[in-house]
Each structure stands twice: as structure tokens, then as C-alpha cells.
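See structure below.
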Amino acid sequence: MPLIRILSTFLRGTYRSSRSFSSSYRGPICTSFAKSISGKPRILYQNDSGGHRTNLHLLDPQLWIIISGQAAILGFCGNTVLAEDGSIKSNSGDNVDDSGNSGLERIEDGSVVSNIHTSKWRVFTDSGRDYFFQGKLEPAERLFGSAIQEAKEGFGERDPHVASACNNLAELYRVQKEFDKAEPLYLEAVSILEESYGPEDVRVGATLHNLGQLYLVQRKLEEARACYERALKMKRRVLGDNHPDYAETMYHLGTVLHLQGKDTDAEALILDSLKILEACGQGESMTYIRRMRYLSQIYLRSNRLAEAEKLLRKQLHMMELSKGWNSMEAITAAEALAITLRLSGQLREALELFEKCLDAQKKLLPEGHIQIGGNLLHIAKTFMLQASQLGRTNNSEALSKLEKAKNYLENSARIAKDLLFKLKKQKSKGQKHEKSNGTLRNYEHAALVILLQSLESLAVLEMSKNEIQEPKTEHPHAAEDSLLQCVSAYKEFGCGTQLQDSPEVKSEYVSCLKHLSALLANKDKETTTVTSNASPISLPELKEEVRRIQIDLLSHKKG
């Protein structure tokens, strides 16, 4: 196959593969817990994407953002965070001081609700919240369960305090992915609040928003859409159509519509939510930037590169002004823009941005950090595309580009493999820490994806060199060896782990298998077998493995 076809075919898949540098992206579905306020039932809903960033002892304690190519997402979803301004939102949408010193809430007859059950309910709720944010989910679960019991004994089975306690426990179950336990608690909270305040009350809308989050993470899109649409209607009536909480639900409804393939409606909602934030003076907030980033992803997925580039340039400019280049926020924005430029063929500027990001990362991150490995892979792919553009017009320059790319790929693979061995060793020693396990899994996931991509890219690079080198390369089996390493890496670090079920990992693995199958198919019929870890692999076996994994991926996509 000619050089330009090999490189173009492989590198055109950059958007698919580069998205995998983050943990599996699930969209902005992270929610926040209610902070109890002296006897006041609280229903709090999520504030965009993001994650509760636990300290990571193995690696850098704060910079664990893995660049997701087109989908440069800040943080890994699945945990919960406080409101972005550090305050806690009240039921009505107003902000309450984080200390929670708002006094006791008066009930409708004007008396003050205060008894032993009130005190216990408050203590259980506050303590449960504290344990939750420490990553100690088992004691948090017990305390939230006790809060429900105290609320029922002190206020009655159908009191809003019960609804608040149910919502908190449901949130914990959602984070633990115990969805069957979370849903009935959310539904009970909605039912109680409807009885207490009426079906159109904004507090009902806040809980429906949380329930929508649960359905969204399960990809029950119709159910999520119904919750968000109803919540949006309530918020508009009570808060008005220029309130940031109204924009909050508007944005999340837009994400659901995007996942349903209704990009025109999704785009309109997200743009409106951005306009509301601008009108509220939040046009430079991280919430605003994250929503812009998500909209840029929609543009990229529909190949609207110019519109995506415009948004990403705006984001980078905002980050440069507010954070400066020595910040992970600016690096995140710059890498997202660089990948977009690479997709649109603006390779020189893309390479300059990647290299600028690499210099900044080396100052901020420890040596061998996986995010550095991801950026090295991005730079290598950009060099490979430059070589592809040269085609047959300048063989020596094309080979020079490929040699540079090879150096970056080898370093990227080394960083990823070192991290995978380190994590594997840690697990074999039985080192368990509830607080950081989720974060470590995200690192492990990113490292395996980067390793598979780096090895596959090395194979494509060697095939490209063979097309233009005269005489042919001294290592005729270099491409095959890299792909066999890819197979071995998947079996060593993926099989028997949670990573085995990752669609991103499977996609990268099946891509390696396809390249290996193509190499075997071009051999003599007598040699259509290769050896990996002393086990021979035949061409029919490779094709069957590809077919099986593709069925799994299709099933996951439909699910």
C-alpha cells in the first residue's frame, strides 16, 4: 500500500483514538450532594461536569487530567463535587454560605422544628457528607441511611426531610453505580416533595434533575429527557428564563438531545445556556468554559471543524488570560485546539501547540506522567501526517519526520508501560485505598490506551518507511513485532481486569488485530501464522477475534 494511503487511513482515525486518552467519557453527569443546614432539608443538583479530585499518592496529587483529544474533559466523571464557587445551593437556587449557618427553618405554622430527631438527622447528614468527600463510602452509606430513619421518626414518613435524606443516599448509590438502589430513593423523594409542595414546585424540579442524571449515566435517554424537560419547565416558571439554574438544566437537556442524535436542538439549548451565563456575569467561569468545550465536541463529531476551532481558540485565550500558560487549564485548552487543527490539516500550528504544551507539562508534572505520554503520542502522529503530506516529493524529509515520530512513540510507549507495571505491582501487593482506587483505574485505562496506540503507530510507521526506503529496511519484521507487542500488552494488562470491558481499549486492540491480519494476508500462504508469547496465532484466529470484539462493541453501542 502506498505511503500516503497507509498513513492517511490510520491517522484519519485520530479523532476516535485520541478521545480515548481520558477515562471513558460519559458526558457531564456528575452531581453534588446536599449540605444540610440546621434542620433545613436540602435538595442539591449537579453543577456540570467535573469530579471530586482525591489526592493520588502514586502520581501527582492534583494534576490527573488526562487529555481526551477532541473531548478534552476536565476531570473524570463519576464522583461528586461542591458548587464551583465553593458555596452550596439552596432549594430555591440561591446560594447559602458554605458554613451552613443559616439557622433553623420554620415550618408553615411558624414554630421551630427542633427535637432530638432533628439533631440526629442533621448530625447523620453532615457526618455522612464528610465521610463521602473523604472517599469513605461505607460509613457514609450507613449515616445517610440513619438520616432517613431519623427523618421519618422525627418528621413523619412523608416529610421533606425524608426526601432530602433519600436524595443524599441515592446520590451515593449513583456514584457507586448501584443504580437499582438509587432509582427508588429518587422516586420516593420526588413523590414526597410533590405531596408537600405541589407537582410544579422548583424543589421537585431539582430532584428530577438528579433523577435525570441517574438515567443519563445509564443511557436511559428517553427517561432522562423526560426528567430534564419537566425540571426545565418548573425552573423557568419559578426562577425565570435568565437564571443560571435554569441554564443548568437547559444545558443537560442539550447533552441528552445530542446523545439522541438531535444535534440542532442540542446546539440551540447549549448556546442559550451560554448566553444566560454571559448575562449573569459568568461568561468567564469554568462552568461556561466546560459548556463551550462540550459544544466544540458536538461540532467536531459532526465534522464542523471551523466552528469547533473558533470555540477552542476562545477557550485557550480565556485560559491564557486567567490562568497563564503554566496551568493545566491552559494546557487542556491548547491540546484540544491542537488536535482540531491537526484534523483540519493545519499541521504546523498544531505541532507548535503540542510542543508548547509538552514544555509546560514537564514543568508541572512529574517525569513519566501519563499525560506527558499522551502528548508525545499526539506529537508523533502529527509528524507522521507531515510525512504523509510530503508523499513522494521529498523522501529524505519524509524519513526524517518518521524518525522523529518513532522517537516520540517509543518514549510514549515506555511511559505507559512503566505506569502499567507500577499499578500492577501495587495491586499485586494488595494495596487498597478506597479514596484513590477510582482515580488509579482511570490512570490505568489511559495508560493502556496510549500503549496500544503507540505500538500500533510504530507498526504503521515501519510500514510507511518500507514504502519509501531504498534499499528496504534492515528490519523487515519491525511492524509485525510492534503489533505482536500490542497483542501481548492487551493480554497482560487488559485481560482479566475491568479494562477488558472498556470500549476504548477494545477499539484500540481490534485496530491492532486488523493491521496484524493485513500483514499476515500479504504473506505467503505457508506463513500465515505469527507467534505471540510462544503461542502461534493464525490468520483465521485473528479474523475470528476481530469479529467477536466488533460484535461486543456494536452491542455496547446499542446499549
Going by distance alone, is a donor N or O of one side chain under 3.5 Å from an acceptor N or O of the other, for [X] and [Y]?
X      : Y      : value
Gln500 : Tyr490 : no
Tyr299 : Glu309 : no
His515 : Glu456 : yes

Ignoring hydrogens, what is the shortest heavy-atom contact between [X] and [Y]? Give both atom names and the distance.
X      : Y      : answer
Val510 : Ser507 : CG1-O, 3.2 Å
Arg174 : Ala182 : N-CB, 4.0 Å
Ala398 : Leu390 : N-CD1, 3.5 Å
Ala336 : Leu312 : O-CD1, 3.6 Å
Leu483 : Cys512 : CD2-O, 3.8 Å
Gly494 : Thr497 : O-OG1, 2.7 Å

Does [Y] offer a backbone N or O that forms a donor-acceptor pair with the side chain of [X] under 3.5 Å?
X      : Y      : answer
Ser488 : Leu484 : yes
Ser457 : Gln453 : yes
Ser296 : Arg293 : yes
Ser511 : Glu508 : no
Arg342 : His378 : yes
Asn375 : Gln371 : no

Using 0.5 Å steps for rounding, measure from the [atom1] atom of [X] to the [atom2] atom of [Y].
X      : Y      : atom1 : atom2 : answer
Lys401 : Leu399 : NZ    : CG    : 12.5 Å
Ile551 : Arg547 : CD1   : CZ    : 4.0 Å
Glu467 : Glu462 : CD    : CD    : 12.5 Å
Glu178 : Leu185 : CD    : CG    : 11.0 Å
Cys486 : Leu516 : SG    : CG    : 9.0 Å

Quick one: does [X]'s side chain get under 4.5 Å of [Y]'s, heavy atoms only?
X      : Y      : answer
Gln386 : Leu351 : yes
Ile379 : Leu358 : yes
Ile331 : Leu364 : yes
Cys495 : Tyr509 : no
Leu214 : Phe179 : yes
Val460 : Ser464 : yes
Leu353 : Glu335 : no
Phe383 : Asn407 : no

Please work out which of the three classes, parallel, tilted or perpendicular, describes the rings of Tyr294 and His258, given edges at 30° and 60°. perpendicular

Parallel, tilted or perpendicular, judged at 30° and 60°: which one describes the rings of Tyr443 and His369? perpendicular

I would like to know whether Glu349 and Arg313 meet salt bridge (Lys or Arg N to Asp or Glu O under 4.0 Å); could you show each step before the answer? CA-CA 12 Å; Glu349 186 180 0; Arg313 287 190 185 278; 3.0 Å; yes

Establish, yes or no, whether a centroid distance under 6.0 Å links the rings of Phe421 and Phe493. yes

Considering residues, nucleotides and ligands other than Glu284, do more than 12 of their heavy atoms fall under 6.0 Å from its CD? no

Within a 6.0 Å radius of atom CD on Gln498, are there more than 12 heavy atoms belonging to other residues, nucleotides or ligands? no

Criterion side-chain contact (heavy atoms from CB on, under 4.5 Å) on Glu138 and Tyr131, from CA distance to verdict: CA-CA 9 Å; Glu138 290 186 8; Tyr131 276 122; over 6 Å; no

Full working for side-chain contact (heavy atoms from CB on, under 4.5 Å) between Val217 and Lys177: CA-CA 9 Å; Val217 76; Lys177 298 184 179 180; over 6 Å; no

One pair to check against side-chain contact (heavy atoms from CB on, under 4.5 Å): Lys417 and Gln485. What are the steps and the verdict? CA-CA 11 Å; Lys417 187 177 293 186; Gln485 288 181 52; 4.2 Å; yes

Got a salt bridge between [X] and [Y], using NZ or NE/NH1/NH2 to carboxylate O under 4.0 Å?
X      : Y      : result
Lys424 : Glu444 : no
Asp126 : Arg129 : yes
Asp418 : Lys422 : no
Glu403 : Lys406 : no

Please evaluate residues Glu141 and Tyr173 with respect to the criterion side chain to side chain donor-acceptor pair (under 3.5 Å), reporting the C-alpha separation (whole Å), side-chain torsions for both, the decisive distance (0.1 Å), and the verdict. CA-CA 8 Å; Glu141 179 181 353; Tyr173 285 142; 2.9 Å; yes

Worked verdict on Phe124 versus Phe144 for side-chain contact (heavy atoms from CB on, under 4.5 Å): CA-CA 6 Å; Phe124 289 146; Phe144 285 141; over 6 Å; no

